[in-house]
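One structure is given here, and the rest of the page talks about it.
As a basis for the values below, the full set of heavy atoms in this structure was taken, side chains included, without hydrogen atoms, waters or symmetry mates. Just so it is clear, the model here is predicted, and its values are computed rather than measured.
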Amino acid sequence: MGIALLRPRVSWLVAALVKVIFFVFFVEAQDSVLPLDSMPRKFQKDGYCSMYGICAQRSDGKVLNCASNVLSTKPGNLLSSKMQSLCPTITGNVCCTATQFETLQEQVQQAVPLLVGCPACLRNFLNLFCELSCSPNQSSFINVTSVTQVNNTMIVDGIDVFLTRTYGEELYNSCKDVKFGSMNTRAMDFIGAGAKNYEDLFAFIGKRAAVNMPGSPYKITFRTDTSSSSGMKPMNITVFSCGDSLLGCSCGDCPSVSQCSNSSSLTVLEKGSCKVRIGSLRVKCIDFCLAVVYMVGISGIFVFGILHWKGKIIGFIPWSKLLFNNNNENELHSEHKQQNTTSALQESEMLLVKVLRASVVQDSIARIFRKYGIFVSRNPTVILVSSLVVPILLCIGLIHFRVETKPEKLWVGHGSKAAEEKHFFDHHLAPFYRIEQLILATIPATKNAMPSSIVSDRNMMLLFEVQKKVDELHANFSGTMVSLSDICLKPLGHDCATQSVLQYFKMNREKYDDYGGIQHSEYCFEHYSSEETCRSAFQAPVDPSTVLGGFSGNNYSEASAFIITYPVNNVVDDLGNQNGKAMAWERAFIRLVKEELVPMVQAQNLTISFSSESSIQDELERESTADVMTIVVSYLVMFAYISFALGDSLQLSSILVSSKVLLGLSGVLIVMLSVLASIGFYSAIGVKSTLIIMEVIPFLVLAVGVDNMCILVHAVKRQALDMPLGEKISNALVEVGPSITLASFSEVLAFAAASFIPMPAVRVFSMFAALAVFLDFLLQITTFVSLIIFDVWRTDDNRIDCFPCVKISSSVQPNRGVVHKNPALLVRYMQNIHAPMLTNPGVKIVVIATFTAASLWSIALCIRIQPGLEQRIVLPRDSYLQDYFDDLEKYLRVGPPLYFVVKDFNYSFESNQTNKICSISECDPGSLLNEISKASLLSESSFIAKPAASWLDDFLVWLSPEAFSCCRKFMNGSYCPPNDQPPCCQPQGGSCNVEAICKDCTTCFLHSDLHDGRPSTSQFKEKLPWFLMALPSANCAKGGSGAYSSSIDLSGFDSGLIQASSFRTYHTPLNRQVDYVNAMKAARDFSSRLSDSLKMQIFPYSVYYIFFEQYLNIWKTALINIAIGLGAVFIVCLIITCSIWISAIIFLVIAMIILDIMGVMAVLKIQMNAISIVNLVMSIGIAVEFCVHITHAFSMSSGNRESRAKTALSTMGASVFSGITLTKLVGVIVLHFAKSQVFVVYYFQMYLALVLIGSLHGLVFLPVFLSICGPPSRSATQEVPQEQPSVEENGK
């Protein structure tokens, strides 16, 4: 990612361009330079030449011009006509011979393809060199400052060229934005070495070059001051603006043109938000509104509390009684009677009330549980055996168990736009190549010191050694040895397109000293695009920003890191084994780095980080097993606590019998069985599991299951000691069965509804969780109730826990229940301390104010949660990829490649779609490529770093008659390559024999054959295949082979449509997850607007889009899941309780819990992603446990609201606290020691927040809220006589 696949052989063009500029100035290096006073007298005025004629040849065959201060001559008719075609500004006499002009014309043809897309720039550039070579007034602006004598002939050795500052600026401005598409850069990078102004351009042109190196052999000084040189005047020729009406360039090459300044398709991302100014403070609108709401609400509560406490206003007392001290309807009329009721009768009444005043559904559930309790107490073995049959049978499906590890299968839902676009791109164009990467970096001397430069001879030698080991690496794949050369990307079929600083030496150690070592590499940093010897082994320039890191600006020599990238061929892997060779080599590559390269690099006091294409998947698979021991320890801790929580007192005399280790273990096994049965069922029907399921669902079901176990056991223990076992079980099930049913069905429906979410990870989790919770509920009320009966029999028979076959002396009497006047410690705390404290009016106000503030605060914080999932978090802490991701963020200077794909491009002349896409002269101002170029100028908002590489632009230039060395044909009509390619030139660099082979080749078209520079439909159809097989070379750099081989899908091409074509650019460097999301959103918005305006199908594609598409709508997915979960809980509560009041309270408290958890997420910087959504959905299920049981106990108890809240806390608070809060807490704490950050962040931190927030709401806020405005009691004393007989009858 972020590695440019640069255009092959493009630097040949640069070398040729320098020849164009200086072909008349070459001299022999060994000849002596004569002093200025030895030169003949000079005439510096119009009509005279400074240089004329060819006097000698260099050893490499280049012609050398004479320093001749002679009168300009009149050309012959043939030369004059040729001169007008190339140099129309020169008329009359000239200062060049016919041979000189032919050389000029031959060399200029190599520059034409680079600039022909912008006629004004091309014309200005040609005029400059025409004037320098042939102007009749040459001596008036060119001053020969030194000469060399060769064979008694004076050869130019140094000159001054005089011109105006305005001329230089206008020339530079006309060319500075001209694109060189195939490399996603500007032509100025080649013709001016990336010049930033005209001074840089002329400095590059005038730089002295060594022998056998392209460029000037002597110093050329461009001067804008003519006052210091007597008789000299600046060169005076017209400069055409790139916005000229006749020679105007496209918007992509000249964005400053007025018609290009406005763009309907480019908009800046809105990053601002509504804010309120309070003095010098700026506050977000939502924060301000929430603060106002809170202050008004709290003020109202405070005033109400004060008035209630003092009772100062008339009519307040009755209302306050209704609110704070409300009794149910019958209690208001029979308060005296209630006060005189015996405690035994009150207990009996509570049981009766639960039956009599319950809703129809609750009444039916209670009746069912009463009958079922009696049945199971008589037939526990039958229930135990029969209840285990179905789950065990479902577990057989585990033989088909499979874990889905492919990211696209986990995060990309059916119908995903990104998945469809990736499929289209992979099958119509080519899948993005695989990336293997090394990053070597220096170590700072101290913590705050700047790292030293890595560019040194010693580090270069180390890099050669590293490369040698990589080249020698072989991996075994199915008996075949695979090397890097077998799998690497080879644009021209010969050398690997490795991106490395060693490419400046052709990846050859022997060339390091030959080229000049470090000095050569530093030279290439500045001239990589213009120096022939700097081109790579695969014949392409190597941008130093792609192979170096840790530098500022363009100070490449200060770089502190080498970045080595190996692009490897990729294929569409539908069968799962087509990339087998590459994956085998990648794993061998990682082993090589770990075992050999790391010690080697560290010995040189450097760091090394590394990655392969398959690294993330391999590390994720390792992560799935890295924390197995942590999970096991967590389960063991929870099991130990469960055994303690379910047991009776810890008296040494009875602990062997009263402990509940075996019962607790059985409960844990029931939870595991329900999870395994759920996984087995879905495995049997072909649904793959995920790591999230394996990590989350056991905790979820264990939390829910343990809560139910504690509630059931404690309900049985609350029954009278002398009550028959059947009545104990029956009464316990009637007491807690409806709330367990309500909680479980709420959770099941919440998870089941969430299973319709398209994101696979969330959907599959919800499916598995819904079935697991449902099975756990069934096993709890069947298997576990049966086990409770067996455990009661065991304790009654004085048998040892875990060894029920062993019976101890009858003198040791275990606790066979909890006597009401001697409750457990936790129950006593709830009755005597916790509940009374919460009934204090001041405490109530504080509780309501605090929890309301927390909810409002959480709402304000929620909007600050960022989408994404940092890759380093999902990996083990000791993963080698942790250092790699850190180095990527620190050193990488190039973003991921971005392709704009056009579907069904109609290339017919009549459709005019060509002009709607291209960006050269005569293209539409609002064309696709012009808009991309303009977007790259606003990279902070568009996230587009460079203009796009355009096969269409290069094809149209390649066709152009001006590029007369590109599209050529033999007399028989077949393709004729440029003169510097076979068969026109020998393959091994031998002399070209153009006369014999290619002398009759002609350009494909004349100007009259084209229509405004555009081919007809038949011409386009015929010549595009030629273009795609044409190799780029010095004579024609626009050949499409290698650069665009995979940019066009030619299937069905003859029908007039190109089904798919891509235009490559790059995103800006993306370091954070939110950067990736915003970049994808900006690219999609950009493409959507262009598709609408151009009436074409255009979409953006980058290799990472398929993984980040989920985050475009992650908030929508999260809110829908939360809304579905809360809605499901509300509906189930409403159906079972038939009370909107109860349902609304449960809904409110659970919503507050979820809000507070999201607020904690914002504080801890936990991102919104599939894992956090799963956790939030799971939190709804567990939050139900905190609320439902206490609310149910409150509604079933009698008395005023405060007394009922106390009763609910006394009966159910201890079970909730011990059954879910402490159990989950001890298990979650263990996760803090997990190796994987994902466990620490998304499980430890979020689960801990859930447990603490849920318990505080369930045990603090909910009782206070119920004591203030809880629903009426379902107890009705007037109905007691009617139901008393039936109860006794049932007891029998």
Side-chain angles (χ1 to χ4, degrees), residues 373 376-377 379-385 387-388 391 635-651 654-675 698 701-719 721 725-726 728-729 731-733 735-737 740 775-808 812-818 824 826-827 1214-1220 1222-1224 1226-1227:
V376 71
S377 62
N379 305 282
T381 305
V382 174
I383 296 296
L384 177 65
V385 174
S387 63
L388 293 175
Y635 287 154
L636 290 176
V637 171
M638 284 189 285
F639 160 68
Y641 174 76
I642 292 167
S643 300
F644 166 78
L646 296 182
D648 296 325
S649 65
L650 297 179
Q651 298 177 5
S654 61
I655 191 172
L656 293 178
V657 176
S658 63
S659 65
K660 305 290 184 184
V661 175
L662 189 59
L663 184 63
L665 176 61
S666 302
V668 173
L669 293 177
I670 287 173
V671 170
M672 293 297 102
L673 180 61
S674 63
V675 173
V701 181
L702 194 60
V704 174
V706 169
D707 188 31
N708 292 341
M709 286 190 288
C710 287
I711 290 172
L712 285 169
V713 171
H714 291 168
V716 173
K717 289 159 65 175
R718 280 196 297 270
Q719 307 306 312
L721 289 174
L725 179 59
K728 283 185 181 181
I729 300 299
N731 290 344
L733 287 176
E735 178 184 347
V736 300
I740 290 177
L775 291 174
D776 180 67
F777 166 72
L778 294 179
L779 292 175
Q780 293 289 341
I781 63 174
T782 55
T783 307
F784 190 71
V785 170
S786 300
L787 293 173
I788 290 176
I789 295 172
F790 287 125
D791 188 72
V792 172
W793 287 349
R794 176 188 64 79
T795 55
D796 287 345
D797 202 24
N798 221 31
R799 296 182 179 274
I800 297 178
D801 189 24
C802 297
F803 300 96
C805 295
V806 179
K807 185 176 180 180
I808 63 176
V812 179
Q813 295 296 326
N815 291 329
R816 300 179 181 180
V818 178
L826 189 56
V827 175
S1215 298
V1216 170
F1217 185 76
S1218 62
I1220 182 170
L1222 293 181
T1223 304
K1224 195 67 175 170
V1226 296

How many angstroms lie between atom [atom1] of [X] and atom [atom2] of [Y], to the nearest 0.5 angstrom?
{"X": "I781", "Y": "I383", "atom1": "CD1", "atom2": "CD1", "value": "9.5 Å"}
{"X": "I789", "Y": "N379", "atom1": "CD1", "atom2": "CG", "value": "9.0 Å"}
{"X": "T782", "Y": "F777", "atom1": "OG1", "atom2": "CZ", "value": "9.5 Å"}
{"X": "L663", "Y": "D791", "atom1": "CG", "atom2": "CG", "value": "5.0 Å"}

Notebook entry, point to check: So, R794 side chain and R799 main chain: donor-acceptor pair closer than 3.5 Å or not?
Noted result: yes
- Query: Do the side chain of S387 and the main chain of L384 share a donor and acceptor less than 3.5 angstrom apart?
  - Reply: yes
Nearest non-hydrogen partners of [X] and [Y], listed with the distance:
{"X": "I729", "Y": "G373", "answer": "CG2-O, 3.8 Å"}
{"X": "S377", "Y": "G726", "answer": "OG-CA, 3.4 Å"}
{"X": "S666", "Y": "L787", "answer": "CB-CD1, 3.4 Å"}
{"X": "G667", "Y": "M709", "answer": "CA-SD, 3.1 Å"}

May I ask you to test the [X]-[Y] pair for a side-chain heavy-atom distance under 4.5 Å?
{"X": "R718", "Y": "V736", "value": "yes"}
{"X": "L712", "Y": "I740", "value": "yes"}
{"X": "S786", "Y": "T381", "value": "no"}
{"X": "L733", "Y": "V785", "value": "yes"}
{"X": "L388", "Y": "L673", "value": "yes"}
{"X": "P380", "Y": "W793", "value": "yes"}

Check your understanding: Do Q780 and D776 get their side chains close enough for a donor-acceptor pair, meaning under 3.5 Å?
Key -> yes
Paired with L725, the side-chain contact (heavy atoms from CB on, under 4.5 Å) test is passed by just one of V792, I788, V716, namely V792
